[in-house]
Chemist: 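For reference, the structure I am asking about is given below.
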There are 2 protein chains.
Amino acid sequence: MAQIGTVDRILDTAEVLFAQKGFAETSLRAITSKAGVNLAAVNYHFGSKEALIQAVFERFLNPFCARLDGLLAELESKPDSVTIERLLATLSQSAVAVQRGDPQRVAIFFRLSGLAYSQAQGHLRRFFREHYGEVFSRFLHQLAVAVPDVPPMEVFWRVHFALGATIFTLSGMDPLRAICRSDFGVTLSPQQVNDRLLSFLAGGIRAALPAS
Amino acid sequence: MAQIGTVDRILDTAEVLFAQKGFAETSLRAITSKAGVNLAAVNYHFGSKEALIQAVFERFLNPFCARLDGLLAELESKPDSVTIERLLATLSQSAVAVQRGDPQRVAIFFRLSGLAYSQAQGHLRRFFREHYGEVFSRFLHQLAVAVPDVPPMEVFWRVHFALGATIFTLSGMDPLRAICRSDFGVTLSPQQVNDRLLSFLAGGIRAALPAS
DNA sequence: AAGCCCCCGAAACAAACGTTTGAAACGTAT
DNA sequence: ATACGTTTCAAACGTTTGTTTCGGGGGCTT
């Protein structure tokens, strides 16, 4: 068993607790006591709670965006085969791969993204737009290529609709699967939920435009 | 100018502040000082902050569900004409009507719903399931009738996907419209965003099932 | 007018929060 | 062994939080 340092122990614990209860509802004392480190360690290593939150995001968003960026570059080299399904699958695969295929960690990934998004105000939104805006618009552009008969502005909106469905669903994955099991007697794997989500999204993006 | 009582002044103010910054981030002092009432008034009239939060939800969810329930009953009497589009429009109209057509208040409505949902833990989730679970499953059943070729369990999942897209989008309506204006030079009205959302959802719900 | 009940207001309460402090413990290079 | 920079620790700091207390009206009924 490899000994992990204080910084990573804090990040590992903060990640889980933030995903479970939100940022404001998670105290530094809860994090440090569960992580088995001293309370002052957070301010020593990160400077402040706000900086810790950003560090948590950076740790999984940086590799995610790097991988996504690489896969998008690969797709751009052969523009003919770019479909919605392939683009969405690329996104999904990036998330899963970065979390080493662990569904539990993928859930945390999306749960945190959802929290960050609903935390509409101030510093986190700026942080996202500055660090990850480029990859996002690259994805947006690829998607516009994949559906040439849908105007770019409509693609923009539909991507946000899709983003909402994704984050919303995957951030509440476990409770939803429990309801599904109790109401229909069927236990779906996260992968199966993901497949259903992707076909829903593809159908939505390709839908007929509203009669304006 | 009609004088409104202390209770409603608190509810009006809390509603806005909760929607803007979340529950934990909004202090009772912020609410009471902005509402122009004494700090102790919250605990006097509601008992606790948690009870205030529930009261805020009840005030707009009760009339919303009542109206939705009535419209659903109306639809059940003529099962032939029930389509996805009509059902979604019913939902949308209920929300708009209850908020007296004020887009600002409709935004608050969805923003609060989104917050409640992302606040996955404990008391709010129970509260929702107990109070509004019946109307929800009634809606679900109607939707299953409207798309007979999609199995009920698939409808269940797709409704949650749609719920996510809706809450997510409408809760961040204003910032998204600002981005759309700056990126495409087009200013959409909330109604126009709603139309686009509805066709996206209809397309998603009707999409081809994943090859399992 | 006296009593009663409901509501308001200023102040205080204990608890929890993020953050800071200064000294002890550590490993490492001189 | 000594000295040095880094990390850990217990303790305390000053705020802010939700909640409670208690005295003082305002509008009733008797």
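In this text, all values refer to a predicted model and were calculated from it rather than measured experimentally. Labels below follow one simple rule: chain letters A, B, ... track the order of the sequence lines, proteins then strands, and each chain is numbered from 1.
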Chemist: What is the distance from CZ of B/R29 to P of C/dA11, rounded to the nearest Å?
Modeler: 13 Å

Chemist: Before you tell me yes or no, could you show the steps for A/F127 and A/F57 under ring-ring contact (aromatic ring centres under 6.0 Å, His included), namely the whole-Å CA-CA distance, both residues' side-chain angles and the distance that decides it to 0.1 Å?
Modeler: CA-CA 10 Å; A/F127 174 78; A/F57 276 103; 7.1 Å; no

Chemist: Report the distance from atom CG of A/N43 to atom C1' of D/dG14, rounded to the nearest whole Å.
Modeler: 14 Å

Chemist: Which is more 5' along DNA chain C, the nucleotide nearest A/T26 or the one nearest B/L39? Just name the residue.
Modeler: B/L39

Chemist: Salt bridge check, B/D12 against B/R59: does any charged N sit closer than 4.0 Å to a carboxylate O?
Modeler: yes

Chemist: Taking B/L88's backbone N and O only, do any of them form a donor-acceptor pair with B/S92's side chain (distance below 3.5 Å, no angle check)?
Modeler: no

Chemist: Closer than 4.0 Å, any side-chain N/O of B/T6 to the OP1 or OP2 of C/dC8?
Modeler: yes

Chemist: With the side chain of B/Y44 defined as its heavy atoms from C-beta on, choose the nearest nucleotide among D/dG18, C/dT19, C/dC7.
Modeler: C/dC7

Chemist: Taking any heavy-atom pair under 4.0 Å as a contact, classify A/A40: base, sugar-phosphate, or nothing.
Modeler: base

Chemist: Determine: side-chain N/O of B/N38 to OP1/OP2 of C/dC8, distance under 4.0 Å, yes or no.
Modeler: no

Chemist: Taking the side chain of A/S27 as heavy atoms from C-beta outward, which of C/dC17, C/dT19, D/dG18 is closest to it?
Modeler: C/dC17

Chemist: Check the phosphate of D/dT6 against A/H45, side-chain N and O only, distance under 4.0 Å to OP1 or OP2. Yes or no?
Modeler: no

Chemist: Return the value, rounded to whole Å, for the distance between atom CD of B/E25 and atom P of D/dT17.
Modeler: 11 Å

Chemist: What is the separation between atom CZ on B/R9 and atom C1' on C/dC8, rounded to the nearest whole Å?
Modeler: 11 Å

Chemist: Looking at A/E134, I'd like to know if its CD atom is crowded, meaning that more than 12 non-hydrogen atoms belonging to other residues, nucleotides or ligands lie closer than 6.0 Å.
Modeler: no

